[in-house]
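Beneath this line is the structure, given in structure tokens, with notes to follow.
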Amino acid sequence: MSDIFEGFGDIEDFAEDLQDPSPGTRIMAVRDLADSADPAAIPYLATAIEDSDAGVRLQAAQALADFEGPETAAALVSGLRDDDEKVRTAASVSLTELKEPASGPPLLDALDDPDVIVRLGALRGLIELRLPEALAPAIRALESSNPDERAAAVAVIGWLQDETALPALMAAARDTDPGVRRTATQAFGFSRTDRAEAALIAALKDGDWQVREAAAETLAKSGSLSAADPLMAALDDDLWQVRLKAARSLGRLGVTAAAEKIGPQLALDIPNLRKECAAVLGELAQPESRVYLEPFAHDPDPDVRKNVRWALERIAGAA
């Protein structure tokens, strides 16, 4: 009991320093409050985020990342309205650290704010809270003229993993902004429906390589062999990053027929791609893959060499 009361005394001492005329002293007080890890510090940090000094407000916005609850969320939402860009950014980053659903109500209220920065920060804070109440406003946010807000809304929808939101995700997958399309493509990973798989296969031909990369990676989660042919076609993509994810997905789906098309990738001077392709050939463990692997058993790249040798051992063990 004495330790508990001693801790509360410390909090009051730190809070008193928030009234000091020196910004440096107030910044130290905010740090001490954060280090206390005591929820009793939250009201004082909420006050500090309204301080007259931007340095104090910045420190408070960063410190609140270590706390949870509606009071914390409300304080960070107020930080999103700050005149100082660094404070706004810190508040937005801290909002993404919220993991407790009880933090949600102030964020849901903030989705009606006229300021896009506030709405964007609130959406980012809601992503991992997985609140069903966030679905409808997130779908509405897809009509925003701001692509960052649309992308954050898609992320909220994706984390909710609600099949009823598939039409909204499919529309987002056709968005004019590649960042929104990429986020939507990644969000399809929760669904095992034919509609989701069709959208991912279509995304393999997107004009933006990062969207194609996301589609190639996400298709592994579908578990459907109907994606095999489109993924094998993606092994001819102009970007090696897309080919790498396509090879990885083919390995995870166990598409043994892909071995003959993955094997030639080992001859390319792209160590990351070669390393991945060697590992996939090991996963598929097809005897005919030896012809592709054996020339690289002494590859100068240690990671490629290691994966090639592992793959050859696995093939020998499966024989």
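We find the CZ-CG distance between R181 and D177 to be 7.5 Å, quoted to the nearest 0.5 Å. Taken from CG in L120 to CG in D113, the straight-line distance is 12.0 Å, to the nearest 0.5 Å. Taking CG of L76 as the reference point, atom CD of E97 lies at 10.5 Å (rounded to 0.5 Å).
Tested against L219 for a side-chain contact (heavy atoms from CB on, under 4.5 Å), the candidates I201, L250, T185 yield a single pass: I201. Paired with Q265 under the rule side-chain contact (heavy atoms from CB on, under 4.5 Å), one option of L235, I270, L281 passes, and it is L235.
Looking at residues two or more places apart in sequence or on another chain, you find a salt bridge (Lys or Arg N to Asp or Glu O under 4.0 Å) between K261 and D236. Partners of D299 according to the salt bridge (Lys or Arg N to Asp or Glu O under 4.0 Å) rule, which considers only residues two or more places apart in sequence or in another chain, are R274. By the salt bridge (Lys or Arg N to Asp or Glu O under 4.0 Å) test, R130 is found to be paired with no residue, residues two or more places apart in sequence or in another chain being considered. Scored by the salt bridge (Lys or Arg N to Asp or Glu O under 4.0 Å) test, R26 finds D51 as partners (sequence neighbours excluded).
Other members of the cluster containing I117 are V116, with ILVMFWY side chains joined at under 4.5 Å, either directly or via other members. With a 4.5 Å cut-off between side-chain heavy atoms of Ile, Leu, Val, Met, Phe, Trp and Tyr, the cluster of M28 takes in none.
Ion pairing between a basic and an acidic side chain is recognised when a charged N comes within 4.0 Å of a carboxylate O; D237 and R212 show such pairing. Between D84 and R57, none of the side-chain N atoms (NZ, or NE/NH1/NH2) sits under 4.0 Å from a carboxylate O, so this pair counts as no salt bridge.
If you check the side chains of T164 and D162, you find a donor sitting under 3.5 Å from an acceptor. Checking E128 against T96 by side-chain atom types alone, no donor-acceptor pair falls below 3.5 Å.
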